[in-house]
Every structure is written in C-alpha cells, then in structure tokens.
Amino acid sequence: MDALENLHNRISINRLIAPAPSGAVLENIMRAALRAADHGRLQPWRFLVIEGPGLDRLAALFVEAKADGASEAEIEKVARKPHRAPMIIVAIASPIDLPKIPVIEQVISTGAAVQNMLNAAFAQGVGAMWRTGGLAYDPIVHQGLGLSDSESIVGFLYLGSPEPDRQSAVPKHEVDKFFQRWPAD
C-alpha cells in the first residue's frame with residue numbers, strides 16, 4: 001500500500017478475531033515501532049506481546065485490579081477485555097533519566113512507536129485498536145506486568161484479523177478546521 005494512502009485511510013478496528021499477526025507480518029509491525037521519532041535515539045520503550053494463555057493471565061490481573069468494590073457484572077466485563085483480540089502488545093514508556101531530554105518527550109516517543117505499529121498493521125491488512133483506560137494506570141497492573149516505578153503504560157495495542165463486514169467507513173476531516181496559519185493575516 002502507498003504510504004500516503006495508508007496514512008490517509010487508516011482506521012482503528014475494534015472487532016478483531018483470530019488469527020493474530022505472526023511471522024514477517026508481526027516482525028514488520030515490531031520494526032515499525034523502532035523507527036518512531038526519538039529525541040536522542042534513546043529508544044525509551046519496551047513492549048510485552050501477550051497472546052494465548054497470556055490473555056487469560058492478563059484477564060486475571062485485570063480482575064485483581066478491579067476487584068475492590070466492583071459488582072459481579074463489572075468483574076465479568078473487565079475479565080473479557082483481554083479477549084477482544086487474539087494478541088495484545090503492551091507499550092511501556094521506559095524513560096531514561098537525562099536532564100537534556102524530558103520524560104514527557106520520551107513518553108510521546110513511545111506513543112509515536114504505537115502509532116507506527118498501527119500504521120504498519122493497517123498497511124498489511126491487520127486489524128488494530130489502541131486502547132488505554134483506567135487499567136493502564138493501575139498499580140496492580142503495573143506490578144503484575146513487571147513495570148518499574150519510572151515506567152508507564154502508554155497503551156494496549158489490540159491486534160488481530162478484522163471481523164468481516166464490521167469495518168467502519170473512513171471519516172473525512174476538514175484540514176482547515178485543525179490547522180491555521182500563524183500569524184494570522
């Protein structure tokens with residue numbers, strides 16, 4: 001797919017089924033992450049690839065995080081979240097303490113890596129959805145996934161095959177609504 005066509009037409013796909021990407025397709029997605037804009041070439045990120053029984057373990061971790069005061073329906077809902085796709089890549093900002101390059105730039109760089117993975121997935125016909133939500137900030141989830149105190153989850157990237165006939169249309173946006181010349185004439 002042409003790079004501009006890919007960028008202009010990429011959409012998130014939330015209805016994902018097996019199979020998950022594998023082989024060269026998955027490697028292309030991973031390699032795209034490593035080409036993200038990165039001040040100082042720090043590569044201030046790491047990624048956890050979760051599939052198969054790992055999704056069950058992630059579901060148990062989510063339930064543990066949500067257990068206090070949650071209703072049975074809320075517990076069931078949170079337990080289903082990891083099973084919305086056959087694979088999840090957890091994007092973790094792992095900043096390096098350098099006064100010259102602020103932590104926020106390193107977190108944004110990790111976000112750029114996720115965006116690159118979304119674009120690489122779409123270019124290869126893989127369905128993808130970037131999600132965060134409260135569990136991305138939960139200390140129980142952080143501990144269970146082995147994050148250090150300085151690390152943070154930037155997102156859960158759900159990957160799989162698009163469910164047939166369930167894709168949304170590509171919305172058309174007006175560029176002038178979001179971009180203005182400065183200074184104004």
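As a basis for the values below, the full set of heavy atoms in this structure was taken, side chains included, without hydrogen atoms, waters or symmetry mates. Because the structure is predicted, anything quoted here is derived from the model rather than measured.
- Applying the salt bridge (charged side-chain N to carboxylate O under 4.0 Å, His left out) test to pairs two or more places apart or on separate chains, those with a residue in residues 27-45 are Glu27-Arg31.
- A 6.0 Å sphere centred on CD of Glu74 holds more than 12 heavy atoms belonging to other residues, nucleotides or ligands.
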Can you list, pair by pair, the side-chain donor-acceptor contacts under 3.5 Å of residues 46-55, counting residues two or more places apart and other chains?
residue : atom : partner : partner atom : Å
Arg46   : NE   : Glu151  : OE1          : 3.4
Arg46   : NE   : Glu151  : OE2          : 2.8
Arg46   : NH2  : Gly146  : O            : 3.0
Arg46   : NH2  : Glu151  : OE1          : 3.0

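- In plain terms, the two heavy atoms of Trp130 and Gly155 that are nearest each other are NE1-CA, 3.4 Å.
- Remark: Arg80 engages no residue in a salt bridge (charged side-chain N to carboxylate O under 4.0 Å, His left out) (not counting sequence neighbours).
- Between the Asn116 side chain and the Ala33 main chain, no donor and acceptor come within less than 3.5 Å of each other.
- For Glu64, there are no salt bridge (charged side-chain N to carboxylate O under 4.0 Å, His left out) partners, not counting sequence neighbours.
- With hydrogens and angles disregarded, no donor-acceptor distance shorter than 3.5 Å links the side chain of Gln115 to the backbone of Gly111.
- For Phe62, the ring-ring contact (aromatic ring centres under 6.0 Å, His included) partners two or more places apart in sequence, or in a different chain, are Phe156.
- Within the 3.5 Å criterion, the main-chain N or O of Pro44 finds a donor-acceptor partner in the side chain of Thr110.
- With values rounded to the nearest 0.5 angstrom, Ser109 atom OG is found 11.5 Å from Ile104 atom CD1.
- By the side chain to side chain contact (heavy atoms under 4.5 Å, CB included) test, Ser150 pairs with Ser148, sequence neighbours left out.
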